[in-house]
Asker: 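Quick one: the structure is below, and I'll ask about it shortly.
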Number of protein chains: 2
Amino acid sequence: MTYSEKTNYHHGDLRAALLDATDKIINRDGLELFSLRACAREAGVSHNAPAHHFADLRGLLTAYATNAFDLLIDSMEYAKKSRSADPAEQLLATGEGYIQFALTHPGKFQVMFRNEKLDAKHMELQNSSAKAFGILEHAMTNWLELYHPIALTDEKKLKYILMAWSVCHGYATLAGERKLDFISGFNQGTNHHIDFGKLLLNTFIQSITYSNTTI
Amino acid sequence: MTYSEKTNYHHGDLRAALLDATDKIINRDGLELFSLRACAREAGVSHNAPAHHFADLRGLLTAYATNAFDLLIDSMEYAKKSRSADPAEQLLATGEGYIQFALTHPGKFQVMFRNEKLDAKHMELQNSSAKAFGILEHAMTNWLELYHPIALTDEKKLKYILMAWSVCHGYATLAGERKLDFISGFNQGTNHHIDFGKLLLNTFIQSITYSNTTI
DNA sequence: CGAAACATTTTGACAGTGTCAAGATGTGAT
DNA sequence: ATCACATCTTGACACTGTCAAAATGTTTCG
């Protein structure tokens with residue numbers, strides 16, 4: 001039994017407790033009010049206790065973002081399960097899972113896509129984010145095989161993948177950063193944002209579907 | 001001749017100098033290294049000199065973002081001028097101007113869309129951002145009138161506007177936050193990002209164009 | 001069993017931050 | 001010339017991330 005497997009050392013498993021505290025603070029107070037010392041305070045340890053588990057602030061948030069990417073993967077996989085095997089349905093579900101996650105966990109989503117807060121070189125983060133990307137890539141690849149008659153170059157395939165990702169990510173970002181609030185007559189509740197995002201995504205996929213023979 | 005019109009008071013026009021310093025620091029060191037005190041230092045004044053011109057840090061960045069929105073407007077208007085009056089061309093140009101601006105001025109773009117750094121209640125910011133949105137709205141409205149045969153409800157019209165905005169904003173954000181770096185074989189230069197974004201946007205507009213009779 | 005080796009946490013310090021209060025200084029009007 | 005006022009400086013405070021050193025708990029091994 002090694003150290004990392006034990007559950008009752010000085011604090012128990014402080015690493016996990018700090019990540020929990022991080023989540024609590026970010027959800028309660030927002031990312032801008034999060035600090036290493038606030039995190040330590042929340043976990044009930046001294047201000048420098050995190051140093052042994054994370055190299056620095058970015059190290060902690062990198063681990064937090066890694067976990068968040070795994071949750072994003074879960075969200076997309078979960079959405080896919082409730083749909084038929086039709087690649088268009090699967091692609092739609094993947095994007096819906098993305099939007100659903102982003103707007104349900106705005107704090108996590110912020111950290112995941114704020115480059116300066118992360119250590120992009122970190123392997124586990126790269127693995128988790130690459131895996132998340134792979135799900136979208138896979139869904140689009142399957143869609144293209146069935147709905148796009150002409151074989152595509154890698155660049156054109158990538159264009160479709162990034163187009164779909166951009167739609168999801170752009171809408172999620174704009175809604176999450178409250179940049180749609182000023183639009184009159186547009187319901188600003190989180191659930192409505194999610195619903196509207198799905199509507200928007202659905203229209204997007206229909207568009208590329210019904211135009212697939214011409215471009 | 002009022003105070004604000006004078007050019008040689010204690011410092012000259014410190015307000016403008018501070019905004020210049022802000023721009024210099026954000027472009028040189030990045031937003032994460034920007035601070036009020038660094039800004040004052042850059043402008044050659046004491047650490048608390050900005051207080052008389054801006055209520056606080058958010059106040060300064062709000063003014064900075066307001067100017068940036070005006071530059072975004074210029075970028076979109078400029079792109080539109082070089083195209084034909086065809087609404088599809090104009091819509092394309094609008095989006096291209098958006099992407100061009102976002103990737104040419106990543107620091108400004110970051111500030112503009114980081115809600116916690118801004119005072120969203122500020123009137124001038126609201127005006128400038130609403131005007132920028134209006135350009136996109138106008139371009140899409142013109143496009144819909146010509147290319148979409150059926151009259152749309154406000155909600156469906158908004159869906160199209162937000163879809164186009166999301167494509168531009170999502171791609172610009174992902175590229176700007178370096179979230180596309182890991183894609184193998186994908187050139188990471190800023191100019192290539194811009195070119196690819198325009199390609200992507202062009203495909204998007206073609207898609208909605210060629211599918212307009214069916215959905 | 002005990003002592004050494006080690007992982008973990010605490011304490012203290014330092015330079016940096018935003019913001020507040022108070023004082024100093026330059027400018028325009030009367 | 002004096003006064004009101006805009007502008008800027010100085011000093012202080014609590015907060016931040018990170019470093020170094022000390023203290024404490026746990027494991028290992030003789």
Side-chain angles (χ1 to χ4, degrees), chain A residues 1-22 25-26 28-65 111 114-119 122, chain B residues 1-22 25-26 28-65 111 114-119 122:
Chain A
M1 188 182 247
T2 68
Y3 267 115
S4 59
E5 286 162 351
K6 277 194 61 61
T7 55
N8 237 359
Y9 191 39
H10 289 185
H11 176 278
D13 188 355
L14 183 55
R15 193 191 136 92
L18 289 170
L19 289 170
D20 283 353
T22 300
I25 293 170
I26 287 179
R28 186 189 55 205
D29 308 328
L31 176 57
E32 70 276 14
L33 278 154
F34 174 78
S35 72
L36 259 184
R37 291 170 102 110
C39 178
R41 234 176 285 137
E42 182 78 30
V45 292
S46 77
H47 70 264
N48 208 18
H52 203 267
H53 300 275
F54 306 99
D56 53 8
L57 176 58
R58 281 163 50 139
L60 196 167
L61 289 178
T62 298
Y64 182 72
V111 177
R114 287 249 226 279
N115 207 15
E116 84 277 6
K117 304 261 184 194
L118 300 177
D119 180 9
H122 207 275
Chain B
M1 187 180 249
T2 69
Y3 267 115
S4 59
E5 287 162 350
K6 279 193 58 64
T7 55
N8 238 1
Y9 193 38
H10 289 188
H11 175 279
D13 189 355
L14 183 55
R15 191 191 138 93
L18 289 170
L19 289 170
D20 285 352
T22 300
I25 294 171
I26 286 179
R28 187 188 55 207
D29 308 328
L31 175 57
E32 70 276 14
L33 277 155
F34 174 79
S35 71
L36 257 184
R37 291 169 103 110
C39 179
R41 233 176 286 138
E42 182 78 29
V45 291
S46 76
H47 72 263
N48 207 20
H52 203 266
H53 300 277
F54 306 99
D56 53 9
L57 176 58
R58 283 163 50 138
L60 196 168
L61 289 179
T62 299
Y64 182 72
V111 178
R114 287 246 224 282
N115 209 12
E116 84 277 6
K117 303 260 184 197
L118 302 175
D119 181 9
H122 206 274

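Every chain is numbered from 1 and lettered A, B, ... according to where its sequence line falls, protein lines coming before strand lines.
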Asker: Just how far is it from atom CZ of A:Arg37 to atom CG of A:Asn48, taken to the nearest 0.5 Å?
Answerer: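 Separation between the atoms: 8.0 Å.
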Asker: To the nearest Å, give me how far apart CG (B:Asp56) and P (C:dA21) are.
Answerer: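 In whole Å, C:dA21 P and B:Asp56 CG are 14 Å from each other.
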Asker: Check the pair A:Leu31, A:Lys117 against side-chain contact (heavy atoms from CB on, under 4.5 Å), reporting the backbone distance first and the verdict last.
Answerer: CA-CA 10 Å; A:Leu31 176 57; A:Lys117 304 261 184 194; 4.3 Å; yes
Asker: Please report the distance, rounded to the nearest Å, between CG in A:Leu60 and P in D:dT18.
Answerer: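 So the CG-P distance, A:Leu60 to D:dT18, works out to 10 Å.
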Asker: When the distance from CG of B:Leu14 to C1' of C:dT27 is rounded to whole Å, what number comes out?
Answerer: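 After rounding, the reported distance stands at 16 Å.
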Asker: Separation of A:Phe34 atom CZ from D:dC15 atom P, in whole Å?
Answerer: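 Spelled out: CZ on A:Phe34 to P on D:dC15 is 17 Å.
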Asker: How many whole angstroms separate atom CD of A:Glu42 from atom P of D:dT16?
Answerer: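 That distance rounds to 13 Å.
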Asker: Go through the N and O atoms of the side chain of A:Arg37 and the base of D:dT18, and report whether any donor-acceptor pair is under 3.5 Å.
Answerer: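 Such a pair exists between side chain and base.
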Asker: Toward the 5' end of DNA chain C, which comes first, B:Ala38 or A:His52, by nearest nucleotide?
Answerer: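 Taking each residue's closest nucleotide, the earlier one in sequence belongs to A:His52.
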Asker: Identify which nucleotide among D:dG17, C:dT8, D:dT9 has an atom closest to any side-chain atom of B:Ser46, counting heavy atoms from C-beta outward.
Answerer: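 So the nucleotide nearest the side chain must be D:dT9.
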Asker: Classify the nucleic acid contact of B:His47 as base, sugar-phosphate or nothing, counting any heavy atom under 4.0 Å across all strands shown.
Answerer: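 Answer is base: heavy atoms of B:His47 come under 4.0 Å of a base.
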Asker: Starting from P on C:dT8, measure out to CG on A:Leu18 and report it in whole angstrom.
Answerer: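 Those two atoms, CG and P, are 12 Å apart.
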Asker: Give, for atom CD1 of B:Ile25 and atom CG of B:Asp20, the distance between the pair rounded to the nearest 0.5 Å.
Answerer: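 Result: 11.0 Å between the selected atoms.
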Asker: State, to the nearest 10°, the angle formed by the axis through the first five base pairs of the helix from C:dC1-D:dG30 to C:dT30-D:dA1 and the axis through its last five.
Answerer: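 The value is 20°.
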Asker: Looking at every heavy atom in both B:Asp119 and B:Arg58, which two are closest together, and how far apart are they?
Answerer: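 Nearest pair, atom of B:Asp119 first, then B:Arg58: CA-NH2, 4.0 Å.
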Asker: Check every strand shown and say whether B:Arg41 touches a base, only sugar-phosphate, or nothing at a heavy-atom separation below 4.0 Å.
Answerer: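 Sugar-phosphate, backbone atoms only, no base.
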Asker: For D:dT16, does OP1 or OP2 lie under 4.0 Å from any side-chain N or O of A:Ser35?
Answerer: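 Yes, because at least one side-chain N or O of A:Ser35 sits under 4.0 Å from OP1 or OP2 of D:dT16.
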Asker: Under 4.0 Å between any heavy atoms, over every strand shown, what does B:Asn48 touch: base, sugar-phosphate, or nothing? Just pick one.
Answerer: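 Answer is base: heavy atoms of B:Asn48 come under 4.0 Å of a base.
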Asker: Please report the distance, rounded to the nearest Å, between CG in B:Leu61 and P in C:dT19.
Answerer: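 It is 10 Å, rounded to the nearest whole Å.
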Asker: Rounded off to whole Å, could you give me the CG-to-C1' distance for the B:Leu36 and C:dC20 pair?
Answerer: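 It works out to 13 Å between those atoms.
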Asker: To the nearest 0.5 Å, tell me how far A:Phe34 CZ sits from A:Leu61 CG.
Answerer: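 Reported to 0.5 Å precision, the distance equals 5.0 Å.
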Asker: For B:Ala40 versus B:His47, what's the shortest heavy-atom pair and its separation?
Answerer: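 That would be CB-CA, 3.9 Å.
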Asker: Check this for me: does any side-chain nitrogen of one of B:Glu116 and A:Arg114 sit under 4.0 Å from a carboxylate oxygen of the other?
Answerer: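 Yes, this pair counts.
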